[in-house]
K.L.:
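What follows is a structure written as structure tokens; I'll ask about it next.
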Amino acid sequence: MRRGYVVAYATLEDFFGDIVGKARQGQGISEADLARTAGLTPGEIGQIESYALTPDDERIHALAKALNLNGEKLAGIARGWVPVHSNASFERAALAVDRTILNVGMEVNCYGLKCKRTGEGALIDAGGQARRILDMVDRMQVRVTHILLTHGHGDHVGALREMKEATGGRVCCCERDFSLLGGLEPLVDEVVEEGWETEVGALKIEAVSLPGHTSGGIGYGTDGVFFSGDALFAGSLGGARGAAYTGQIEAVRRKVLCRDEKVWIFPGHGPITTVEEERAHNPFFA
């Protein structure tokens, strides 16, 4: 976990060891079983997952095979791949997206989406540090009409009450994540499910269900952009176990990575990426 005030990312959210750990735990594979299959020792698996060891490419490919990951992509993560647009701004004729990185015990992204035609816009997640989020709103000169929640974890909703009071934005969230909101569910104005749509200014926003990391995980897409929450990170994904793990990978494959390769992806944590880069570099996808 990084500490302090970060305004840009120099690395991925998940390092090589994180990815190995998420894939192993997601599939319920013990350190001993993974070591035996990949030709390593349990101690070496522990070292990999604690960032103390990065093995050579041959053993990386053996690990990838044992974990149902793509070996060449996993080796690329180990070599330090980062997306081209990690910290870039996004602006087109119709819309603009800005980001502030919040420190709420961990780093988490909050995004502002602005319809340039009307000046109206949305916040995507509101994890904490309300003043920093409002500074972004002021910088963008946007009138917030919606607060779109990708899921209910506290690091994504910690400033929800302050943001609703300050902006009047309609809070949108999947009902399956209400139990995670810590008493904030009365603030929700619209229940979001697969196929839900709304308009933010002149922009049509579509929602897709991306369960796994949480049962009510939601992604939001509009013209050339997609907000993936914790269902998909640059080079990785949010943690899940068992059927939720495999289901999340399949949902992301069918509903996110099927989009035009030029679509920019704005994850809940870590750098900004694109559909093209995730197809080419994310080891969870063949």
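Everything quoted here is computed from the prediction, not taken from an experiment.
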K.L.:
Below 4.5 Å, heavy atoms only, C-beta onward: do Thr274 and Val263 meet side chain to side chain?
P.N.:
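No, side chains not in contact.
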K.L.:
Is it the case that over 12 heavy atoms from other parts of the model lie below 6.0 angstrom from the CZ atom of Arg117?
P.N.:
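Result for CZ/Arg117: open.
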K.L.:
Mind running side chain to side chain contact (heavy atoms under 4.5 Å, CB included) on Phe178 and Val191 for me, showing each step along the way?
P.N.:
CA-CA 10 Å; Phe178 279 11; Val191 173; 4.1 Å; yes
K.L.:
How long is the straight-line distance from CG of Leu69 back to CD1 of Ile19, given to the nearest 0.5 Å?
P.N.:
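Reported to 0.5 Å precision, the distance equals 8.0 Å.
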K.L.:
What are the two closest non-hydrogen atoms of Thr167 and Met163, and how far apart are they?
P.N.:
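Closest heavy-atom pair between Thr167 and Met163: OG1-O, 2.7 Å.
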K.L.:
Compare every heavy atom of Leu63 with every heavy atom of Ala38, then report the nearest pair and how far apart it is.
P.N.:
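So the two residues come closest at CB-CD2, 3.9 Å.
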K.L.:
Is there a donor-acceptor pair closer than 3.5 Å between any side-chain N or O of Asn103 and the backbone N or O of Val6?
P.N.:
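Checking the backbone N and O of Val6 against the side chain of Asn103, no donor-acceptor pair under 3.5 Å is found.
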K.L.:
Report whether Leu184 and Val104 are members of the same hydrophobic cluster (ILVMFWY, side-chain heavy atoms less than 4.5 Å apart, transitive linking).
P.N.:
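Linked, Leu184 and Val104 end up in one cluster.
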K.L.:
Any side-chain donor-acceptor pair under 3.5 Å between Ser209 and Arg176?
P.N.:
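Side chains of Ser209 and Arg176: pair found under 3.5 Å.
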K.L.:
Decide if atom CZ of Arg161 counts as having more than 12 heavy atoms of other residues, nucleotides or ligands within a radius under 6.0 Å.
P.N.:
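No, CZ of Arg161 has 12 or fewer neighbouring heavy atoms, counting only those of other groups under 6.0 Å.
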K.L.:
State, to 0.1 Å, how close Ala207 and Ile218 come at their nearest heavy-atom pair, and which atoms those are.
P.N.:
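Taking every non-hydrogen atom into account, CB-CG2, 4.0 Å.
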K.L.:
Using atom types as modelled and distance alone, determine if a side-chain donor or acceptor of Asp98 lies under 3.5 Å from a backbone N or O of Ser89.
P.N.:
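Not at all, since once roles are kept as given, no pair shorter than 3.5 Å links the two residues.
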K.L.:
Starting from Ile265, can I reach Leu12 by hopping between I/L/V/M/F/W/Y residues whose side chains sit under 4.5 Å apart?
P.N.:
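Leu12 clusters together with Ile265.
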K.L.:
Indicate yes or no for a side-chain donor-acceptor contact from Asp125 to the backbone of Cys110 under 3.5 Å, with no hydrogens or angles considered.
P.N.:
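Not at all, since once roles are kept as given, no pair shorter than 3.5 Å links the two residues.
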K.L.:
Is there side-chain contact between Val188 and Glu175, with at least one heavy-atom pair below 4.5 Å?
P.N.:
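Of all side-chain heavy-atom pairs linking Glu175 with Val188, none is under 4.5 Å.
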K.L.:
Can you tell if the side chain of Phe16 reaches within under 4.5 Å of the side chain of Pro283, non-hydrogen atoms only?
P.N.:
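The answer is no, as the side chains (C-beta and beyond) never meet within the 4.5 Å cut-off.
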K.L.:
Once salt bridge (Lys or Arg N to Asp or Glu O under 4.0 Å) is applied, what residue pairs with a partner in residues 20-29 remain, sequence neighbours excluded?
P.N.:
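Listed by first then second residue: Asp14-Lys22, Arg24-Glu31, Arg24-Glu49.
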K.L.:
Assess the side chains of Asp230 and His151: does a donor N or O sit below 3.5 Å from an acceptor N or O?
P.N.:
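There is such a pair between these side chains.
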K.L.:
Within the structure provided, determine whether Val252 and Leu237 are in side-chain contact (heavy-atom separation under 4.5 Å).
P.N.:
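No, too far: nothing below the 4.5 Å cut-off.
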K.L.:
Could you grab the distance from atom OG of Ser236 to atom CG of Asp18, nearest 0.5 Å is fine?
P.N.:
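CG of Asp18 is found 7.0 Å from OG of Ser236.
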K.L.:
Spell out, as yes or no, whether a donor-acceptor pair under 3.5 Å connects the side chain of Gln248 to the backbone of Gly238.
P.N.:
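Judged by distance alone, yes, a pair lies under 3.5 Å.
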K.L.:
Tell me which pairs pass ring-ring contact (aromatic ring centres under 6.0 Å, His included) where either residue lies in residues 109-138, with sequence neighbours left out.
P.N.:
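The answer is Tyr111-Phe227, Tyr111-Phe266.
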K.L.:
Heavy-atom distance under 4.5 Å between the side chains of Ser86 and Thr11, does that happen here?
P.N.:
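No, too far: nothing below the 4.5 Å cut-off.
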K.L.:
According to side chain to side chain donor-acceptor pair (under 3.5 Å), who are the partners of Thr198, at least two apart in sequence or on a separate chain?
P.N.:
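For Thr198, the residues satisfying side chain to side chain donor-acceptor pair (under 3.5 Å) (neighbours in sequence not counted) are His146.
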K.L.:
Return each pair, listed once, that meets salt bridge (Lys or Arg N to Asp or Glu O under 4.0 Å) where at least one residue sits in residues 64-75; pairs must be two or more places apart or across chains.
P.N.:
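Residue pairs passing salt bridge (Lys or Arg N to Asp or Glu O under 4.0 Å), neighbours aside: Glu72-Arg79.
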K.L.:
Compare every heavy atom of Glu193 with every heavy atom of Cys174, then report the nearest pair and how far apart it is.
P.N.:
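Reported closest heavy-atom pair: SG-OE2, 4.0 Å.
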K.L.:
Parallel, tilted or perpendicular for Trp81 and His281, by the 30°/60° rule?
P.N.:
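Ring orientation of Trp81 relative to His281: parallel.
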K.L.:
Would you sort out whether Lys164 and Asp189 count as a side chain to side chain contact (heavy atoms under 4.5 Å, CB included), showing the intermediate values?
P.N.:
CA-CA 10 Å; Lys164 181 166 183 173; Asp189 299 292; 3.0 Å; yes
K.L.:
Heavy atoms, side chains only, cut-off 4.5 Å: are Ile133 and Glu162 in contact?
P.N.:
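In short, these two side chains do not touch, never coming nearer than 4.5 Å.
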K.L.:
Give the C-alpha distance, both sets of side-chain angles, the deciding distance and a yes or no for side chain to side chain contact (heavy atoms under 4.5 Å, CB included) between Glu120 and Glu199.
P.N.:
CA-CA 10 Å; Glu120 295 178 337; Glu199 291 184 355; over 6 Å; no
K.L.:
Are the side chain of Thr145 and the backbone N or O of Gly121 linked by a donor-acceptor pair below 3.5 Å?
P.N.:
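Yes: the side chain of Thr145 pairs with the backbone of Gly121.
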K.L.:
If I compare all heavy atoms of Val142 with all of Leu113, which pair ends up nearest, and what's the gap?
P.N.:
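Looking at all heavy atoms of both residues, the shortest contact is CG2-O, 4.0 Å.
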K.L.:
Determine whether a donor-acceptor pair (N or O, by modelled atom type, separation under 3.5 Å) exists between the side chain of Lys114 and the backbone of Gln141.
P.N.:
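Side chain of Lys114 to backbone of Gln141: a pair is present.
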K.L.:
From Leu102 CG over to Asp155 CG, what is the distance, rounded to the nearest 0.5 angstrom?
P.N.:
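That separation rounds to 9.5 Å.
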K.L.:
Please test Asn282 against Phe233 for side chain to side chain contact (heavy atoms under 4.5 Å, CB included), starting from the C-alpha separation and ending with a verdict.
P.N.:
CA-CA 9 Å; Asn282 194 313; Phe233 301 153; over 6 Å; no
K.L.:
Same cluster or not: are Leu160 and Leu123 linked, directly or through other Ile, Leu, Val, Met, Phe, Trp or Tyr residues, by side-chain heavy atoms under 4.5 angstrom apart?
P.N.:
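Yes.
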K.L.:
Quick one: do Asp135 and Arg131 make a salt bridge, cutoff under 4.0 Å?
P.N.:
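A salt bridge is present here (some side-chain N lies under 4.0 Å from a carboxylate O).
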K.L.:
Sequence neighbours left out, what pairs pass salt bridge (Lys or Arg N to Asp or Glu O under 4.0 Å) with at least one residue falling in residues 270-282?
P.N.:
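Sorted result for residues 270-282: Lys262-Glu276.
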K.L.:
Answer yes or no: does atom CD of Glu58 have more than 12 heavy-atom neighbours from other residues, nucleotides or ligands under 6.0 Å?
P.N.:
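It does not: Glu58 CD has 12 such atoms or fewer within range.
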K.L.:
What about Phe15 and Ile272, same hydrophobic cluster or not, with Ile/Leu/Val/Met/Phe/Trp/Tyr joined at side-chain heavy-atom distances under 4.5 Å?
P.N.:
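No, separate clusters.
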K.L.:
In terms of hydrophobic clusters joined by side-chain contacts under 4.5 Å, are Val82 and Val275 together?
P.N.:
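The answer is yes; both residues are in one hydrophobic cluster.
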K.L.:
Could you tell me if the side chain of Leu40 sits less than 4.5 Å from the side chain of Ile48, heavy atoms only?
P.N.:
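Sidechains of Leu40 and Ile48: in contact.
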K.L.:
Between Gly201 and Thr118, what is the shortest heavy-atom contact and its length?
P.N.:
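What the structure gives for the nearest pair is CA-OG1, 3.3 Å.
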K.L.:
Just how far is it from atom CG of Leu34 to atom OG1 of Thr41, taken to the nearest 0.5 Å?
P.N.:
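If we round to the nearest 0.5 Å, Leu34:CG and Thr41:OG1 are 10.5 Å apart.
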K.L.:
Could you note down all residue pairs passing side chain to side chain donor-acceptor pair (under 3.5 Å) where residues 214-229 supplies at least one of them, sequence neighbours left out?
P.N.:
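Sorted result for residues 214-229: Asp177-Thr214.
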K.L.:
The test is salt bridge (Lys or Arg N to Asp or Glu O under 4.0 Å); show your working for Arg254 and Glu194 and say whether it passes.
P.N.:
CA-CA 13 Å; Arg254 289 189 296 105; Glu194 176 81 23; over 6 Å; no
K.L.:
Spell out, as yes or no, whether a donor-acceptor pair under 3.5 Å connects the side chain of Gln27 to the backbone of Ala23.
P.N.:
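Checked: pair present.
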K.L.:
In Å and rounded to the nearest 0.5 Å, what is the CD1 to NE2 distance from Ile124 to His156?
P.N.:
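Between atom CD1 of Ile124 and atom NE2 of His156 there are 12.5 Å.
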K.L.:
Side-chain contact, heavy-atom cut-off 4.5 Å: Leu232 with Phe284?
P.N.:
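A side-chain contact under 4.5 Å is absent here.
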K.L.:
Measure the CD1-CE distance between Ile101 and Met136 for me, rounded to the nearest 0.5 Å.
P.N.:
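Reported value, rounded in 0.5 Å steps: 11.5 Å.
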